[in-house]
2 protein chains.
Amino acid sequence: MKSGMGLTKSHSLKRQSLPEALADSLRERILNGEFKPGESLVQEALAEEYECSRMPVREAFRQLEAAGLIVTKVHKGAVVAAMPAEQAQELYELRVNLESVLLEHAIPNMTDADLDASEQVLRELEKAYEERDINRWGSLNWEFHRSLYVPANRTQTLAIVQGVNLQVERYVRLQLLISETFEAAQKEHRALLEYCRARNVEAAVALLKQHIRDAGDSLVSSLEARSVDA
Amino acid sequence: MKSGMGLTKSHSLKRQSLPEALADSLRERILNGEFKPGESLVQEALAEEYECSRMPVREAFRQLEAAGLIVTKVHKGAVVAAMPAEQAQELYELRVNLESVLLEHAIPNMTDADLDASEQVLRELEKAYEERDINRWGSLNWEFHRSLYVPANRTQTLAIVQGVNLQVERYVRLQLLISETFEAAQKEHRALLEYCRARNVEAAVALLKQHIRDAGDSLVSSLEARSVDA
DNA sequence: AATCTGCGGGCTGGATCCAATAACACGGCG
DNA sequence: CGCCGTGTTATTGGATCCAGCCCGCAGATT
C-alpha cells in the first residue's frame, strides 16, 4: 500500500463548495485583521457582499466556529473570537509540543525534493519579509513550517497543528509591525532548514522549540500589554 | 447535570440550538455503532426521522465533519468516516502525548472536591463495567479521564483531546466485547486515581501512558485483523 | 454480446420565505 | 427625574421551494 503519498501536487479540481470558499475568504479576512476580535459578523451583510444567500454564510460560520475563530450564540449571531493572553500561552505550548514531535518524525523521511520545496517557500518568505508584506508573510510562515512537517506523515497531528497556527496567526500578523523578534525569526528559519538538510534532529528540534517559544513569549507579553490599556 | 437528554422533539430547555442537539444525537448514534463506517447518512431520511427540515441536519453534518466523524463530498452526501489502523495509531500517540501533559499539570491543582468527583465517576464506570453496559462505559470512560484533566485549566488542549477521544471511542466500544484488556483497564483506573490522591505525578503519568498505549495497541491490532478479513 | 449514451429518479446545494427572539426606544408610572 | 414595561425592529433560526449534479437503467449501435 502506498500509504504515504499525500497528494501535494495534484491539481484537485476546485470541487470546492461555496460554504468552503466563503469560510476560506472569511478566515483570511479575520487573519488580516479586517474583522477585529469582538466584532460581530452579520449574515445578511456578508451574504449581500458575496452576492449569495445567507445559507452558505451560515455554513461557513459553522466551520469557522469549529476552528475557534468565531463564537456564536443562539439568536445572537457570531462574533470574532478574542484571545486572552492565557489562551495564547497555552496554544504556544501546544505548538512547541506538537511541532517538535512532527519535525522529529519528519526529518528522517525528508527527500531532497522535500527540502528543495521548503527552500523555495523559504525564499518567498524572505522576500515577503523584505517587502514587509504582512499578510503574505503570515501565510508563507505557516506554509514553511508545514512543509517541514509534511514528511512526518501524520495527517491528524498536522491538521491539529494547522488549526492552532491559524488561531494565533492573526495576532502574529498584527505584531509583525512592531516587533524585532521577526528579524531573528528570519535567520532561525534559514538555520532550521540547514539543520534539516544535515539531518541533525537534535539541533533542529531544539531550535524549533526555541523559535516557537520566542514567538509565543513575544506575543503573550504583547497581548498582556494590550489588555492593560484596554 | 447528567447529559443524557435524548432530544425530546418538543422544546426541552433549548438553550441548545437544534443543530447542536442533532449533532449530539447523531454523534452518539455513530459511537454506538448504529451507523457503521462507510454507511451514508441521508439528509432527508434523518430530517424526517427527527421531524424537522433538512437544514438543521446539514448544519449538524458540518459539526460532525469538523470533528472528523463523517466525511462529505459535494453533491454526494455524507458517509461515516472509516479509521485505518495507521490513523488509530497516530491518534493514540497523540493521546499519550497530550493527556500526559494535561495530567501532569492537573495533579498539583486538584482539590479534594475534584478527587471526590472523579471518584464518583469511577464508581459509575465500574458499575457500568460490571453490567457490561458498553455505551455507558464508553462515555463514562472519557468522563473519568476528563475529570482528571479539568484541573489543568487548559481548555484548548482539553478540547483537542476530547475530539481525539471521540474519534476513537466507537472502535473502543466495539472492542469492549471481545477484549480482556478492559479488565486491566479497570484496575488501572482505580490505581490512577490513587496516584492522583497521593499527588504522585511521576507514577500517575507513567501509568497513564501505559494505560493509553495498551488500549491503543489492542485497538490497532484489532483494526489490522479486521482489515485483513475485509 | 458488450459498451456507450441518453434519460430519469433521487439526492444535495442554494435561494427565498416565514417564525421566533433579542436588542432598543419610547412612553407611562412611581 | 429615573426606572420599568411594552411595542417595534433588526437579525437569527427553521421550513419550503427550485436548480443542478450523480448514478443507475434502458436502449441502441457496433
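Throughout, protein chains are lettered first and strands after them, A, B, ... in sequence-line order, and every chain is numbered starting at 1.
Minimum atom distance to the side chain of A:V42 is reached by D:dT11, of the listed C:dT12, D:dT11, D:dG14. Which of D:dG14, C:dG14, C:dT12 sits closest to the side chain of A:R54 comes down to D:dG14. Taking the side chain of B:P56 as heavy atoms from C-beta on, and the options D:dA15, C:dG13, D:dG13, the nearest nucleotide is D:dA15. Between C:dC11, C:dA15, D:dG14, one nucleotide has an atom nearer to the side chain of B:E44 than all others, and that is C:dC11.
A:L22 has its CG atom 15 Å from the P atom of C:dG13, to the nearest Å. Distance A:K76 NZ to D:dG13 P: 12 Å, rounded to the nearest Å. Between the NZ atom of A:K73 and the P atom of D:dT11 there is a distance of 18 Å, rounded to whole Å. Atom CZ of A:F61 and atom P of C:dG14 are 16 Å apart (whole Å). One atom, CZ of B:R58, and another, C1' of D:dG13, lie 14 Å apart when rounded to the nearest Å. Whole-Å rounding puts the A:Y50 OH to C:dG14 C1' distance at 17 Å. Here D:dT11 presents its P atom at 12 Å from CG of A:L46, a figure rounded to the nearest Å.
Along DNA chain C, the nucleotide nearest to A:H75 and the one nearest to A:L18 differ in position, and the one closer to the 5' end is contacted by A:L18.
From A:E39, atom CD reaches atom CD of A:E34 across 8.5 Å, with rounding to the nearest 0.5 Å.
For A:Q43 and D:dA10, the shortest distance from a side-chain N or O to OP1 or OP2 is not below 4.0 Å.
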